[in-house]
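Everything on this sheet refers to the single structure shown next.
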There are 2 protein chains.
Amino acid sequence: MLRIDLAARVPVYEQIANGLRAELVAGRFDPGDRLPTVRALAIDLGVHHNTVAQAYRQLADEGWLELRRHRGATVRERQRPSSRSDLAEPFARPLRELLAKALAAGLSRKLLVRELMDSVRRLEEGAL
Amino acid sequence: MLRIDLAARVPVYEQIANGLRAELVAGRFDPGDRLPTVRALAIDLGVHHNTVAQAYRQLADEGWLELRRHRGATVRERQRPSSRSDLAEPFARPLRELLAKALAAGLSRKLLVRELMDSVRRLEEGAL
DNA sequence: CACTTTGTATATCACTTACAGACAAACAGC
DNA sequence: GCTGTTTGTCTGTAAGTGATATACAAAGTG
């Protein structure tokens with residue numbers, strides 16, 4: 001389901017939240033679906049259950065999950081937020097820096113273009 | 001020149017390195033060019049000079065800069081690394097998670113596609 | 001040769017992260 | 001209904017990291 005890199009710079013709880021958010025945005029869960037309990041997922045990922053709980057709480061804050069004690073995490077109906085163009089600015093810079101890193105790491109421009117076009121295709125298909 | 005966000009999650013020294021790397025990859029500096037001294041850039045950015053020094057050292061480790069005491073940081077001739085396709089994998093996931101965050105933050109797919117296509121165009125022009 | 005400039009090294013403080021362990025309350029089986 | 005288990009949460013803690021402060025050695029500058 002998820003792959004966690006304990007040595008990565010980005011915190012584990014954020015890796016979990018990022019991974020789940022990606023699946024939620026992609027619509028891989030339906031409203032009402034139950035996510036694994038914090039302990040079950042923690043064992044599955046090999047981390048502490050508090051770490052998973054933190055990720056769940058973050059996604060709950062963002063409105064993706066509803067957390068009720070002893071009922072687990074249920075996927076919430078969440079209207080896709082309305083788009084505003086001034087939100088593109090904080091996205092453009094991370095993207096540019098990510099591309100710079102990739103180029104510096106040795107990826108060719110051609111390969112990067114292919115990756116980006118893949119993302120474009122997935123986006124236009126409504127997926128991620 | 002650079003914009004630093006002290007409140008951001010990514011460390012300041014890495015923001016500096018990222019920003020400079022983006023300009024270096026884009027070819028905005030010529031080999032032999034001098035970068036500002038650590039103290040000058042530190043004052044300009046409002047951070048400690050050690051923080052800038054750390055960014056410079058990272059870029060030097062990557063081969064972008066040559067650091068000689070009292071001579072400042074000079075931009076090195078650096079052959080663009082050869083591309084290998086297995087390098088695309090560690091790039092795809094950050095990209096996907098970045099897109100997911102953007103979608104979750106309210107960017108429309110259409111807007112994201114436009115940003116990505118902008119990047120593609122810049123890449124194909126040899127810039128960034 | 002005195003003074004400034006410049007990158008570096010060491011120490012310190014604050015913050016974050018992941019974990020440990022205990023807890024209260026809802027659930028399951030009887 | 002009652003008891004034991006399950007489940008998310010709370011509090012505390014040890015380790016690691018980031019940014020700064022400060023001192024230092026050596027090259028530049030007049």
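Chain identifiers are assigned alphabetically (A, B, ...) following the order of the sequence lines, protein sequences preceding nucleic acid strands; residue numbering begins at 1 within each chain.
Counting heavy atoms from C-beta outward, A:Q58 and A:Y13 have side chains that approach closer than 4.5 Å. Residues B:E66 and B:R71 form no side-chain contact, since every pair of their non-hydrogen atoms from C-beta on lies 4.5 Å or further apart. With contacts defined as side-chain heavy-atom distances shorter than 4.5 Å, the pair A:I4/A:I16 qualifies. A:L99 has its side chain within reach of A:L116: a pair of non-hydrogen atoms, C-beta onward, lies under 4.5 Å apart.
In this structure, CZ of B:R68 is placed 17 Å from C1' of D:dA25, rounded to the nearest angstrom. Atom CG of A:L65 and atom C1' of D:dT7 are 16 Å apart (whole Å). Rounding to whole angstrom units, CG of residue B:L6 and P of C:dT16 are separated by 14 Å. Put simply, OH on B:Y56 is 17 Å from C1' on D:dA19, counting in whole angstrom units. At whole-Å resolution of the value, CD in A:Q15 and P in C:dT16 are 18 Å apart. Distance CG (A:L67) to P (C:dA26): 16 Å, rounded to an integer number of Å. The CD1 atom of B:I16 sits 13 Å away from the P atom of C:dG7 (whole-angstrom rounding). Between the CG atom of A:L45 and the P atom of C:dC19 there is a distance of 11 Å, given to the nearest Å.
A close approach under 4.0 Å does occur between a side-chain nitrogen or oxygen of B:R71 and OP1 or OP2 of D:dG28. Residue A:T51 places at least one side-chain N or O under 4.0 Å from the OP1 or OP2 atom of C:dC19. Regarding contacts with the backbone of D:dT9, a side-chain N or O of A:R57 is found under 4.0 angstrom from either OP1 or OP2.
If you check every strand for non-hydrogen atoms under 4.0 Å, B:Y13 touches sugar and phosphate atoms only.
Distance check: A:L24 CG to A:L65 CG gives 6.0 Å after rounding to the nearest 0.5 Å.
The pair A:E14-B:K101 meets the salt-bridge criterion, with a side-chain N (NZ, NE, NH1 or NH2) lying under 4.0 Å from an Asp/Glu carboxylate O.
Results of the side chain to side chain contact (heavy atoms under 4.5 Å, CB included) test with B:L35 over B:L41, B:L20, B:V52 single out B:L20 as the only residue that passes.
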Check: protein-nucleotides 21-25 of chain C nitrogen or oxygen pairs below 3.5 Å:
residue: C:dG21; atom: O6; partner: A:N50; partner atom: ND2; Å: 3.2
residue: C:dA24; atom: N3; partner: A:R69; partner atom: NH2; Å: 3.4
residue: C:dA25; atom: N3; partner: A:H70; partner atom: NE2; Å: 2.7

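Along DNA chain D, the nucleotide closest to A:R9 and the one closest to A:A53 are compared, and the more 5′ of them pairs with A:A53.
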